[in-house]
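See below for the structure under consideration.
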Amino acid sequence: MIVALNNKSNLSKEEFITYQEKLGKLETNSKMIVCPTFLNINLWQPNKIFLGAQNVSTENEGAFTGEVSAIDLKASGVEYCIIGHSERREYQKESLEGIHKKLMKLLENEITPILCIGETKEEREEKKVEQVLKEELKTAIDTLTEEEKAKIIVAYEPIWSIGTGIIPTMEEIEEVFRFIKQILPNSSILYGGSANEKNIDLLKTVSLIDGYLLGGLSLKPEELQIFLKKLDGRE
Ligand code: 13P
């Protein structure tokens with residue numbers, strides 16, 4: 001299993017130092033990836049947890065004020081990078097084309113992309129889930145070779161589930177995962193959206209899930225430890 005932690009815009013420098021000590025002590029059989037803020041990335045002390053970022057520039061260098069390139073991420077030890085998170089698609093107005101460019105820059109610099117896709121509540125109600133996911137996926141992976149496609153991690157995060165405490169039914173998750181696997185049969189697929197230590201027993205029943213992308217829970221190492229133990233079937 002893969003468990004990726006999206007800290008979003010949380011944890012001050014001081015908080016992050018204590019946080020990483022706690023993360024280092026977590027017991028788990030899962031492959032863990034932590035995605036801190038850009039500034040906290042450089043505080044990371046290498047350990048058994050892999051380092052990720054939450055965003056990347058569409059360009060390698062140049063006049064792009066405020067952007068951080070894949071080259072610089074790589075030089076700071078970053079091995080994974082979230083792209084296309086719904087918060088960035090909405091608040092930063094990220095385009096499908098921009099997400100494709102970011103994905104290409106990551107692959108070029110040997111950083112594994114964690115591509116987020118997901119539908120809004122309205123899109124689900126209007127039965128447009130597959131249409132939305134297909135567009136988000138196909139535009140992102142356009143021009144990729146089969147070998148490159150296999151390197152991508154996809155995170156299915158229904159937007160209406162992020163931070164709300166509401167998760168889809170297991171049948172809904174299964175249906176979506178089957179759909180994504182048809183397009184990307186060799187990629188790992190994570191579930192994200194209000195996954196926590198209380199619903200992990202239920203989520204675990206979906207055999208197609210290769211791991212999780214955690215937001216709120218990523219900030220609570222004690223609860224995260226319970227989640228990880230349940231995931232391993234140790235509690
Ligand atoms: P929550 O786990 O807080 O719902 O956030 C999920 C998420 O957006 C991870 O990228």
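Counting from 1, the numbers follow the sequence of the chain as shown. As the structure lists them, so they are numbered: ligands from 1, and atoms in each ligand from 1. These numbers come from the heavy atoms of this one structure, side chains and all, not from hydrogens, waters or symmetry mates.
Under 4.0 Å is where a charged nitrogen must lie from a carboxylate oxygen, and between Lys74 and Glu79 no such pair does. Ion pairing between a basic and an acidic side chain is recognised when a charged N comes within 4.0 Å of a carboxylate O; Glu21 and Lys25 show no such pairing. A salt bridge does not link Lys204 to Asp232: none of the charged side-chain nitrogens sits closer than 4.0 Å to a carboxylate oxygen. For Glu94 and Arg88, the salt-bridge test passes: some basic side-chain N is under 4.0 Å from an acidic carboxylate O. At a threshold of 4.0 Å, the pair Glu222-Lys22 counts as salt-bridged, since one of the basic side-chain nitrogens sits closer than that to a carboxylate oxygen.
Evaluated by nearest non-hydrogen atom to atom 4 (O) of ligand 1, the leading choice among Gly163, Gly215, Cys116 is Gly163.
At least one heavy atom of Leu213 sits closer than 4.0 Å to an atom of ligand 1. In this structure, Gly192 falls outside the shell of residues with a heavy atom less than 4.0 angstrom from ligand 1.
Here Phe177 and Tyr191 keep their ring centres 6.0 angstrom or further from each other.
For Asn6, every heavy-atom contact with ligand 1 shorter than 4.0 Å involves the side chain, none the backbone.
When only non-hydrogen protein atoms are considered, atom 3 (O) of ligand 1 lies nearest to Gly216 N, 2.8 Å. From the protein, the heavy atom lying nearest to atom 7 (C) of ligand 1 is Glu157 OE2, 3.1 Å.
Every N/O-N/O distance between Thr164 and ligand 1 stays at or above 3.5 Å.
Taking every non-hydrogen atom of Ser194 and a distance limit under 4.0 Å, the qualifying atoms of ligand 1 come out as 1 (P), 2 (O), 4 (O).
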